[in-house]
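Every number for a ligand or one of its atoms is a count from 1 in the order of the listing. We count residues from 1, following the sequence as given.
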Amino acid sequence: MRDLYADIDYVLLSTEQIRSRTAEMAEELAQAYQDSEEVMFLCVLKGGYVFMSDLSRACKFPHTIEFMAVSSYGDATHSSGAVQILLDLQKDISNRDVLIIEDIVDTGLTLSYMRDNLLARQPKSLRICSLLSKPSRHKVDVPIDFLGFEVPDEFVVGYGLDFAQIYRNFPFIAVLKPEVFGG
Ligand code: IMP
């Protein structure tokens, strides 16, 4: 089997940078939800699973874990903006404090769709926590309440983020060599 690490051009965010920022974000969440009894962490699959897992373990306040899977149509590295719900939330979120956990806000179209869809179910509060954001690519204005890092307009992989469904296992965020994209 080939070595995935040979495809890396450079590491953009190290394991330690992510760990330390995640710990800070857990503190920010504890502050923001200090008057709340329980928070529902809603992980957006697939990309959000690694961040969700580490963030959840860094938090000391009560929270439940739920999942939603969405897919945005488009080619391998560019989303078209059309969103399909592949796995919907089974729980009633009315009167709950819901925190969406995302891997990355790129155009913002996925989160914008999810936000509208979830707001219609009348949660007590709905906030967004994303590990990464690419501000230069945002097409719609989505309020990111808690953000790990801003990244440049590069296609990044690792820590849950994939290219063609692989590289999610890298314990850091990396940029791949141009030839990996077939260009
Ligand atoms: P959106 O453009 O904000 O709707 O992002 C849609 C989804 O595309 C994100 O949730 C990611 O799963 C994926 N995505 C966007 N940018 C990247 C990237 O740089 N690497 C890997 N996946 C990405």
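Distances between N or O atoms of F155 and those of ligand 1 include no value under 3.5 Å. For V156, a nitrogen or oxygen atom sits less than 3.5 Å from a nitrogen or oxygen atom of ligand 1, counting backbone and side chain alike.
In the displayed structure, D141 atom CG is contacted under 6.0 Å by at most 12 heavy atoms of other residues, nucleotides or ligands. By the 6.0 Å contact criterion, CD on Q34 is enclosed, its count of non-hydrogen atoms from other residues, nucleotides or ligands being greater than 12. Atom NZ of K91 has 12 or fewer heavy atoms from other residues, nucleotides or ligands within 6.0 Å. The 12-atom threshold is not exceeded at CD of Q122, counting heavy atoms of other residues, nucleotides or ligands nearer than 6.0 Å.
The shortest separation from a heavy atom of E154 to ligand 1 is under 4.0 Å, placing the residue in contact. Using a non-hydrogen distance threshold of 4.0 Å, D162 registers as a contact of ligand 1. By the 4.0 Å heavy-atom criterion, K134 is counted among the residues contacting ligand 1.
Within the listing of ligand 1, atoms 10 (O) sit less than 4.0 angstrom from a heavy atom of E102. Atoms of ligand 1 lying under 4.0 Å from at least one heavy atom of L161, given by number and element, are 20 (N), 21 (C), 22 (N). Of all atoms in ligand 1, numbered sequentially from 1 with element shown, those under 4.0 Å from a heavy atom of T110 are 1 (P), 4 (O), 5 (O), 6 (C). Proximity to T107 (heavy-atom distance under 4.0 Å) selects the following atoms of ligand 1: 1 (P), 2 (O), 3 (O), 4 (O).
Both tests pass for R127 against the ring of Y33: distance under 6.0 Å to the centre and angle within 45° of the axis.
Here K134 does not pair with E154 in a salt bridge; the nearest charged N to carboxylate O distance is not below 4.0 Å. Electrostatic pairing of R168 and D103 does not count as a salt bridge here, judged by no charged N lying under 4.0 Å from a carboxylate O.
If you look at R137 next to ligand 1, there are no close heavy atoms at all, none under 4.0 Å. Contacts of I104 with ligand 1, taken as heavy-atom pairs under 4.0 Å, involve both backbone and side chain. Contact annotation: for D103 versus ligand 1, heavy atoms closer than 4.0 Å belong to the side chain alone.
In this pair, Y159 and F51 present their aromatic rings tilted. The plane angle is within the 30 to 60° band.
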